[in-house]
Amino acid sequence: MVSLEGSSPGGGLYDRIYQVVRLIPRGRVAIYGQIAAYVGRCTPRQVGYAMAALPSGLDVPWHRVINREGRISFPRNSSAALEQSMLLQAEGVVFDESERVELDDVGWAGLLADSI
DNA sequence: CGGCTGACTCTGG
DNA sequence: TCCAGAGCCAGCC
């Protein structure tokens, strides 16, 4: 477990979000809503805002964060989307013909399902 | 100092 | 079944 208490509650919400994103294991992906639920007192929108405001230099696996559809939240032809998919595939994440990932397989919740 | 914008998701009509 | 609105923090001009 990670001590989220180290962060200032109420202030520095983004930092807590970054902390949670950092918990996503390699080869797994998490959706915005899942991160928001994990952080608590947070909406998926907030996570999106945090990702958009993600400063460079932090060891945050931002590419492991995708939307609820299992799809990258960037325009298909954008360089950011290409880089994200490239990073994910480098970790073993497989995209189908619709460029979507099987959340039941590589989803962060898959860790829990793995225990069952 | 004020207002705009930005990587989402869910519910109602 | 599809569209539209609401919820919401932080950085920047």
Side-chain angles (χ1 to χ4, degrees):
Chain A
M1 289 299 279
V2 174
S3 302
L4 295 175
E5 304 169 22
S7 304
S8 306
L13 173 63
Y14 283 21
D15 290 332
R16 294 206 302 178
I17 294 175
Y18 299 147
Q19 190 88 338
V20 173
V21 173
R22 256 167 122 195
L23 299 178
I24 307 172
R26 184 176 173 283
R28 280 313 148 142
V29 296
I31 66 178
Y32 296 92
Q34 192 167 19
I35 295 170
Y38 196 96
V39 172
R41 302 296 187 173
C42 179
T43 65
R45 190 69 177 232
Q46 302 296 109
V47 179
Y49 290 154
M51 292 292 107
L54 180 67
S56 57
L58 296 181
D59 286 328
V60 178
W62 60 270
H63 55 278
R64 296 181 192 150
V65 183
I66 59 179
N67 62 27
R68 184 187 167 293
E69 298 177 350
R71 180 127 165 56
I72 292 174
S73 293
F74 282 109
R76 192 186 180 298
N77 51 2
S78 68
S79 59
L82 291 175
E83 172 154 359
Q84 186 170 6
S85 64
M86 182 170 58
L87 287 169
L88 287 175
Q89 289 181 49
E91 294 185 349
V93 177
V94 180
F95 288 81
D96 62 12
E97 294 138 16
S98 301
E99 298 199 354
R100 303 207 311 185
V101 302
E102 195 61 40
L103 292 176
D104 291 332
D105 291 338
V106 297
W108 200 15
L111 293 177
L112 298 176
D114 211 14
S115 303
I116 302 172

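Chain identifiers are assigned alphabetically (A, B, ...) following the order of the sequence lines, protein sequences preceding nucleic acid strands; residue numbering begins at 1 within each chain.
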Give the residues of residues 61-76 of chain A touching DNA chain B, defined as any heavy atom closer than 4.0 Å, sorted by residue number.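 DNA chain B contact set from residues 61-76 of chain A: A:Trp62, A:Asn67, A:Arg68, A:Ser73, A:Phe74.
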
Members of residues 78-100 of chain A that approach DNA chain B, where some heavy atom sits under 4.0 Å away: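 Residues of residues 78-100 of chain A under 4.0 Å from DNA chain B: none.
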
Euclidean distance, atom [atom1] of residue [X] to atom [atom2] of [N] [Å, nearest integer]:
| X | N | atom1 | atom2 | answer |
| --- | --- | --- | --- | --- |
| A:Leu13 | C:dG11 | CG | P | 11 Å |
| A:Arg41 | C:dC9 | CZ | P | 12 Å |
| A:Gln46 | C:dA6 | CD | P | 17 Å |
| A:Tyr32 | B:dC10 | OH | P | 14 Å |
| A:Ile17 | C:dC9 | CD1 | C1' | 8 Å |

Please enumerate all protein N or O atoms sitting under 3.5 Å from an N or O of nucleotides 2-6 of chain B, with distances to 0.1 Å.
unit_1: B:dG6; atom_1: O6; unit_2: A:Tyr49; atom_2: OH; d: 3.4

A:Ala53: partners by side chain to side chain contact (heavy atoms under 4.5 Å, CB included), with sequence neighbours left out: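 Checked A:Ala53 against side chain to side chain contact (heavy atoms under 4.5 Å, CB included); matches are A:Tyr14, A:Tyr18.
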
Under the side chain to side chain contact (heavy atoms under 4.5 Å, CB included) rule, collect the residues that match up with A:Ser98, sequence neighbours excluded.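 Side chain to side chain contact (heavy atoms under 4.5 Å, CB included) list for A:Ser98, sorted by chain: A:Asp96, A:Arg100.
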
Does [X] have any side-chain hydrogen bond (donor to acceptor under 3.5 Å, both in side chains) partners at least two apart in sequence or in another chain, and if so, which?
| X | answer |
| --- | --- |
| A:Glu91 | A:His63, A:Arg64 |
| A:Tyr49 | A:Arg45 |
| A:Thr43 | none |

Any residue meeting salt bridge (charged side-chain N to carboxylate O under 4.0 Å, His left out) with A:Arg41, in chain and number order, not counting sequence neighbours: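 Salt bridge (charged side-chain N to carboxylate O under 4.0 Å, His left out) list for A:Arg41, sorted by chain: empty.
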
Single-linkage hydrophobic cluster A:Leu58~A:Ile24, side-chain heavy atoms < 4.5 angstrom: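 Yes, same cluster.
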
Shared hydrophobic cluster, A:Val65 / A:Leu87 (ILVMFWY, side-chain heavy atoms < 4.5 Å):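 Yes, same cluster.
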
Would you mind telling me which of B:dT9, C:dC8, C:dC9 lies closest to the side-chain atoms of A:Thr43?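 That would be C:dC8.
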
Want to know the stems of DNA chain C: at least 3 consecutive Watson-Crick or G-U pairs with distances under 3.5 Å, which are they?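 B:2-6 with C:9-13, B:8-13 with C:2-7 - these are the stems of 3 or more pairs that involve DNA chain C.
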
Quick test of your reading: applying side chain to side chain donor-acceptor pair (under 3.5 Å), list the pairs with at least one residue in residues 74-86 of chain A, sequence neighbours left out, ordered by first then second residue.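 Qualifying pairs: A:Arg76-A:Glu99.
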
Within 6.0 angstrom of A:Glu102 CD, more than 12 heavy atoms from elsewhere: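 Yes, CD of A:Glu102 has more than 12 neighbouring heavy atoms, counting only those of other groups under 6.0 Å.
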
Taking atom CZ of A:Arg71 as the centre, report whether more than 12 heavy atoms of other residues, nucleotides or ligands fall under 6.0 Å from it.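 Yes, because the 6.0 Å sphere around CZ of A:Arg71 holds more than 12 heavy atoms from other groups.
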
Are the side chain of A:Arg28 and the backbone N or O of A:Asp105 linked by a donor-acceptor pair below 3.5 Å?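 Answer holds: yes.
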
Which pair of non-hydrogen atoms, one from A:Pro75 and one from A:Ala81, has the smallest distance, and what is that distance?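 Result for this residue pair: O-CB, 3.2 Å.
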
